[in-house]
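Reminder, nothing fancy here: chain letters follow the sequence lines and each chain counts from 1.
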Amino acid sequence: MASDAIQITLPDGTVLTLPAGSTPGDVAASIGPGLAKAALAAVIDGRTVGLGEPIEHDTAIRILTARDPESLPVLRHSAAHILATAVRELRPGAGIGFGPAIDEGFYYDFDVDAPFTPDDLAAFEQKMTEVVEADQPFERRRVDKAEARKLFADDPLKLERLEEFDDAEVITVYQNGPFLDLCRGPHVPSTGHLKHFKLLSGAGAYWRGDEKRQMLQRIYGTAFHRKDDLDTHLHRLEEARRRDHRRLGRELDLFQFHPVSPGAAFWTPRGTAMYNTLERFVRERQAESFLEVKTPLLYTKELWEQSGHWGKYRENMFLVLDAESGEHDMSLKPMNCPSHHIYYASQTHSYRELPIRYATLDVLHRNELSGALSGLTRVRQFAQDDCHVYLREDQIAQEVRFLTDFILGHYEAFGLESSIKFATRPEQRIGSDAQWDHAEAALREALEATGRPYEVEPGDGAFYGPKIDFHVTDSIGRSWQLGTIQLDYNAPERFDLNYVGQDNAPHRPVVIHRAVCGSFERFIAILIEHFAGAFPTWLAPEQVRVLPISEQWETSAREAAAGLAAAGVRVHVEERETLNYRIREAESLKIPYMAIVGEREASDGTVAVRRRGAGRKQEVMSRGAFLDVLTEKIRTRALD
RNA sequence: GCUCUGAUAGCUCAGUGGUAGAGCGCGUCCUUGGUAAGGACGAGGUCGCGGGUUCAAUCCCCGCUCAGAGCUCCA
């Protein structure tokens with residue numbers, strides 16, 4: 001039992017003495033009426049708590065107001081309850097699932113007979129406004145399991161969750177107005193605190209995230225303390241739509257899809273030019289330390305049985321009917337690993353050769369679920385910048401450092417910001433626990449040695465080993481997984497890989513799987529969105545568009561273009577329509593440079609250079625000087 | 001794969017139980033332009049595919065395919 005008085009330490013070091021069982025609300029009130037009014041929640045022992053939760057022991061406390069970022073999830077969680085309150089008013093039979101705060105807002109899952117329509121969402125939003133105006137207090141109560149069972153007798157989803165609690169565990173419920181929810185909290189003091197919110201979309205979602213369970217109807221929304229923040233967020237969503245690579249891919253004529261091959265891109269001439277440029281860049285960076293090889297696309301099932309994919313991964317593989325056997329006993333490769341292992345094993349390797357790095361840019365096929373496909377970021381046919389490193393145990397740390405620098409250097413070349421995640425053993429895996437212990441420890445140690453910050457993602461590893469994933473953030477803050485470094489002790493066993501050691505005896509190498517772009521398809525999608533289609537000159541599908549002012553100057557314009565093309569510049573002369581029309585078109589296609597040729601330029605061998613987005617500002621320069629500018633930009637891969 | 005929504009001209013979209021329309025793009029002609037749409041005329045569509053209801057279906061119903069928002073999965 002706590003003593004009668006407790007000592008509360010404030011962030012500035014002040015110590016308050018209050019009766020045991022006082023709440024953070026009491027603390028705020030004793031500091032001042034202004035804070036009491038502004039307080040939304042508090043942090044005690046590193047945990048966010050509601051203002052009404054009693055404090056039983058001496059502790060440090062920090063009161064949260066709208067200024068503290070930790071209060072935003074509290075507001076959003078309350079917004080989810082307010083949403084549920086509104087839904088229950090309008091659809092009384094709705095079962096309630098979970099309704100948490102998420103990074104961008106909140107959602108709530110409902111079990112209803114008929115899915116929600118956009119009109120329903122508008123009605124819920126209106127009803128939420130009424131709940132907010134009613135300013136219902138959020139009341140927290142502790143109940144025992146038996147009482148909770150009674151309270152949620154009509155809510156089977158809540159009852160299921162309830163049964164997962166230990167009998168002795170503290171169960172809390174929150175009530176606002178008529179709405180009662182099984183909930184750990186915390187919440188803002190009352191519904192009136194929710195001022196700026198919006199419901200965004202409805203969608204199906206499996207109960208407990210399990211595809212074997214029933215599908216609930218999820219409503220997504222977002223909420224902020226300040227109107228400006230909400231507006232900024234909504235504007236950012238609009239910006240994301242504007243930059244969507246699927247939209248820009250069509251507008252800039254880079255790639256397209258056709259129902260005859262779902263999940264596989266048709267690259268247009270412009271898109272192909274960019275794809276090839278990226279490929280050249282990758283090859284150039286790999287030239288020094290990697291050995292590029294090409295391996296078959298089609299393999300017998302024996303290979304996949306040996307690799308373990310036949311058992312764990314077959315539903316994702318495109319099986320091919322073998323005409324002689326009449327069986328589907330061949331498959332297009334979904335990854336390059338086994339073929340690299342086969343090649344490695346075909347020769348005898350000395351410890352002196354290691355590490356050996358085989359790199360392959362071949363096309364891969366994975367039969368993804370139809371619903372998973374999305375633009376270029378999730379496709380069935382793609383090319384990885386794949387590599388497998390064969391190395392000695394004692395080389396792991398050095399190799400991880402090398403690969404990490406190599407990967408991050410690639411992202412930096414495009415001005416992409418990245419973050420690192422360490423992913424550990426998943427539930428579905430091959431290999432013994434001892435192997436996994438060893439692999440995780442080795443990889444983590446190597447990652448630590450790089451000195452770079454990282455997050456841990458438990459259970460997110462590959463089925464054969466732990467991995468380091470590299471995520472990049474695009475210019476509007478979304479994160480995508482691209483690169484990876486995966487440590488594999490399993491494949492060397494399965495493929496009986498060896499090297500001859502200093503002792504003239506065979507030893508097992510370790511395998512590291514590495515990708516940088518992830519896939520060319522996904523990487524290009526990110527580049528499109530990152531640059532909003534305005535690619536740096538070296539990468540742009542068309543680098544210069546030459547515009548003669550009238551037919552008279554076409555010959556001169558073509559000469560100027562030929563000079564650039566001879567130096568490897570991607571250039572096109574556009575002769576149709578009016579000058580204004582062609583300038584508008586070139587700007588729409590986000591071509592980095594326009595070179596305009598009229599009487600003045602034709603007579604003195606110059607071009608009038610107009611930069612993308614620069615409006616009427618232009619610079620007249622000699623053809624040679626313009627070529628120098630371009631070649632320098634392209635050579636240095638300037639980000640413009 | 002699951003839930004919901006959609007599919008009409010090359011693109012973006014409107015529209016109707018009696019076999020369709022706009023803007024852009026495309027073609028031809030006129031215009032020969034100095035920095036973000038010059039003008040006129042014209043050609044394009046079994047209204048995603050297959051069934052059903054109906055005198056009649058692009059429209060209503062069912063199935064399928066593809067796409068979008070999510071879920072699950074993932075480079």
Side-chain angles (χ1 to χ4, degrees), chain A residues 107 109 112 114-118 120 200-220 241 244 246-247 250-251 253 256-263 313 315-316 334-335 364 366-386 426 428 460 462 467 469-471 480-484 486 513 515-523 525-526 547-554 575-589 594 596-601 608-618 620:
Chain A
Y107 68 77
D109 288 341
V112 285
F116 302 125
T117 65
D120 288 330
L200 296 171
S201 61
Y206 297 111
W207 169 234
R208 309 306 293 265
D210 183 344
E211 62 181 326
K212 293 185 180 61
R213 305 296 301 270
Q214 76 215 82
M215 186 148 274
L216 307 178
Q217 293 303 315
R218 175 170 298 179
I219 295 176
Y220 284 96
R241 279 189 282 276
D244 190 315
R246 292 168 300 192
R247 175 176 168 169
R250 189 180 56 246
E251 289 177 1
D253 190 24
Q256 49 189 250
F257 288 90
H258 193 282
V260 295
S261 187
Y313 201 76
E315 68 269 24
N316 281 303
M335 63 269 303
L364 305 175
R366 296 185 186 176
N367 196 0
E368 303 291 349
L369 293 177
S370 58
L373 302 179
S374 178
L376 289 178
T377 51
R378 199 69 187 282
V379 285
R380 287 189 172 138
Q381 178 194 302
F382 58 98
Q384 280 189 331
D385 56 338
D386 207 358
Q428 282 272 311
D460 217 30
K467 57 180 185 169
D469 282 335
F470 294 81
H471 292 244
W480 306 75
Q481 197 220 307
L482 300 181
T484 190
Q486 307 178 355
H513 307 246
V516 181
C517 293
S519 72
F520 283 92
E521 283 73 7
R522 180 175 287 184
F523 195 74
I526 305 265
L547 307 177
I549 281 178
S550 73
E551 264 175 40
Q552 262 184 287
W553 320 112
E554 279 176 10
E575 298 167 350
R576 327 156 303 142
E577 297 286 352
T578 59
L579 182 63
N580 277 345
Y581 182 94
R582 287 173 285 151
I583 286 173
R584 180 171 187 275
E585 187 176 54
E587 289 285 1
S588 304
L589 287 170
M594 280 175 251
I596 295 161
V597 179
E599 183 174 9
R600 295 195 296 265
E601 293 78 12
V609 176
R610 175 173 161 152
R611 192 77 178 84
R612 170 179 61 203
R616 287 180 176 234
K617 269 187 297 178
Q618 65 173 10
V620 178

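Residue side chain A:E315 does not reach the base of B:G1 through any donor-acceptor N/O pair under 3.5 Å, judged by distance alone. Under 3.5 Å, the side chain of A:R378 and the base of B:C73 form at least one donor-acceptor pair of N or O atoms. Judged by distance alone, with hydrogens and angles left aside, A:Y206 brings no side-chain donor or acceptor close enough to the base of B:G70 to form a pair under 3.5 Å. With hydrogens and angles ignored, no donor-acceptor pair closer than 3.5 Å exists between the side chain of A:R246 and the base of B:A67.
Every side chain to side chain donor-acceptor pair (under 3.5 Å) that A:Q214 has, sequence neighbours left out, goes to A:D111. Scanning for side chain to side chain donor-acceptor pair (under 3.5 Å) contacts around A:R247 gives A:E251, with sequence neighbours left out.
A:S519 approaches A:F382 most closely through the heavy-atom pair CB-CD1, 3.5 Å. The shortest non-hydrogen separation linking A:L373 to A:R380 is CD2-CG, 3.7 Å. A:R611 and A:E587 get closest at one heavy-atom pair: O-OE2, 4.1 Å. The nearest pair of heavy atoms linking A:P262 to A:V260 is CD-C, 3.8 Å. The shortest heavy-atom contact between A:A205 and A:D109 is CB-OD1, 4.2 Å. Listed here is the closest heavy atom pair of A:R366 and A:P334: NE-O, 2.7 Å.
The C1' atoms of B:G44 and B:A9 are separated by 6 Å, rounded to the nearest whole Å. A distance of about 33 Å separates the P atoms of B:C49 and B:C41, rounded to the whole Å. Here the separation of B:G15 from B:G21, taken at their P atoms, is 15 Å to the nearest Å. Taking the P atoms as reference points, B:C61 lies 45 Å from B:U28, given to the whole Å. Taking atom C1' on both nucleotides, B:A75 is separated from B:G52 by 44 Å, rounded to a whole Å. The P atoms of B:C30 and B:G45 are separated by 27 Å, rounded to the nearest whole Å. Atom name P, nucleotides B:A20 and B:G39: the rounded distance is 30 Å, in whole Å. A gap of 7 Å separates the C1' atoms of B:G17 and B:C59, to the nearest Å.
As a whole-Å value, the separation of A:I549 CD1 from B:G38 P is 15 Å. Rounded to an integer number of Å, the gap from A:L579 CG to B:A37 C1' is 12 Å. Nucleotide B:U32 holds its C1' atom 8 Å from the CD atom of A:Q552, rounded to whole Å. To the nearest angstrom, C1' of B:C73 lies 6 Å from CG of A:L369. Look at CD1 on A:I596: it is 20 Å from P on B:U32, rounded to the nearest Å. As rounded to whole Å, 12 Å separates atom C1' of B:A69 from atom CG of A:D244. Between the CZ atom of A:R218 and the P atom of B:U72 there is a distance of 7 Å, given to the nearest Å. In this structure, the CG atom of A:L373 is 10 Å from the C1' atom of B:A67, given to the nearest Å.
Residue A:Q481 holds its CD atom at 10.5 Å from CD1 of A:I526, rounded to the nearest 0.5 Å. Residue A:F257 holds its CZ atom at 9.5 Å from CZ of A:R246, rounded to the nearest 0.5 Å.
Within 4.0 Å (heavy atoms only), A:R600 reaches at least one base atom of the nucleic acid. Contact annotation for A:A515: no contact, since no heavy-atom pair falls under 4.0 Å across all strands. Here A:R522 lies in heavy-atom contact (under 4.0 Å) with a base. Contacts of A:F257 with the nucleic acid, taken as non-hydrogen atoms under 4.0 Å apart, are absent. Counting non-hydrogen atoms under 4.0 angstrom, A:Q381 reaches nothing in the nucleic acid. A:E551 comes within 4.0 angstrom of a nucleotide base, judged by non-hydrogen atoms across all strands. If you check every strand for non-hydrogen atoms under 4.0 Å, A:A608 touches a base. Heavy atoms of A:G209 sit under 4.0 angstrom from primed sugar atoms or phosphate atoms, though from no base atom. Heavy atoms of A:E587 sit under 4.0 angstrom from at least one base atom. Residue-level contact check: A:G613 touches neither bases nor backbone, having no heavy atom under 4.0 Å from any strand. At the heavy-atom level, A:L364 lies nowhere under 4.0 Å from the strands shown.
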Protein-nucleic acid N or O pairs under 3.5 Å, nucleotides 24-28 of chain B:
| unit_1 | atom_1 | unit_2 | atom_2 | d |
| --- | --- | --- | --- | --- |
| B:G25 | OP1 | A:Y581 | OH | 2.7 |
| B:C26 | OP1 | A:R576 | NH1 | 2.7 |

Filtered N/O pairs between nucleotides 61-66 of chain B and protein, under 3.5 Å:
none

Between protein and nucleic acid, restricted to nucleotides 4-8 of chain B and to nitrogen or oxygen atoms under 3.5 Å apart, what atom pairs and distances do you find?
none

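For B:U72, neither phosphate oxygen OP1 nor OP2 lies less than 4.0 angstrom from any side-chain nitrogen or oxygen of A:R213. In terms of phosphate contacts, A:Y220 brings a side-chain nitrogen or oxygen within less than 4.0 Å of OP1 or OP2 of B:C71. For A:S201 and B:G70, the shortest distance from a side-chain N or O to OP1 or OP2 is not below 4.0 Å.
In this pair, A:F382 lays its aromatic ring flat on the base of B:A75, centres within 5.5 Å and planes under 30 degrees apart.
Counting heavy atoms from C-beta outward, A:V516 and A:F523 have side chains that stay 4.5 Å or more apart. Looking only at side-chain heavy atoms (C-beta outward), A:R612 and A:M594 stay at 4.5 Å or farther from each other. A 4.5 Å side-chain heavy-atom check between A:E601 and A:W553 finds every atom pair outside the cut-off.
Annotated as anti: B:G51, whose glycosidic dihedral deviates from 0 by more than 90°.
Counting heavy-atom neighbours within 6.0 Å of A:Q428 CD, excluding the residue itself, gives a total of 12 or less.
Looking only at distances, no side-chain donor or acceptor of A:Q256 sits under 3.5 Å from a matching main-chain atom of A:R250.
Residue order along RNA chain B, read from the 5' end via each residue's closest nucleotide, puts A:G371 first among A:G371 and A:K617. RNA chain B is contacted by both A:Q481 and A:E211; A:E211 maps to the nucleotide lying nearer its 5′ end (nearest heavy atom per residue).
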> Given pairs defined as Watson-Crick or G-U wobble with both distances under 3.5 Å, what dot-bracket annotation applies to RNA chain B, with ( ) intrastrand, [ ] crossing, | other strand and . unpaired?
Replying inline: (((((((..((((....[..)))).(((((.......))))).....(((((..]....))))))))))))....

>> Apply salt bridge (charged side-chain N to carboxylate O under 4.0 Å, His left out) to residues A:R584 and A:E577 and explain how you reach the verdict.
In response: CA-CA 11 Å; A:R584 180 171 187 275; A:E577 297 286 352; over 6 Å; no

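With respect to A:K467 and A:D469, a salt bridge is recorded, a charged nitrogen being found less than 4.0 Å from a carboxylate O.
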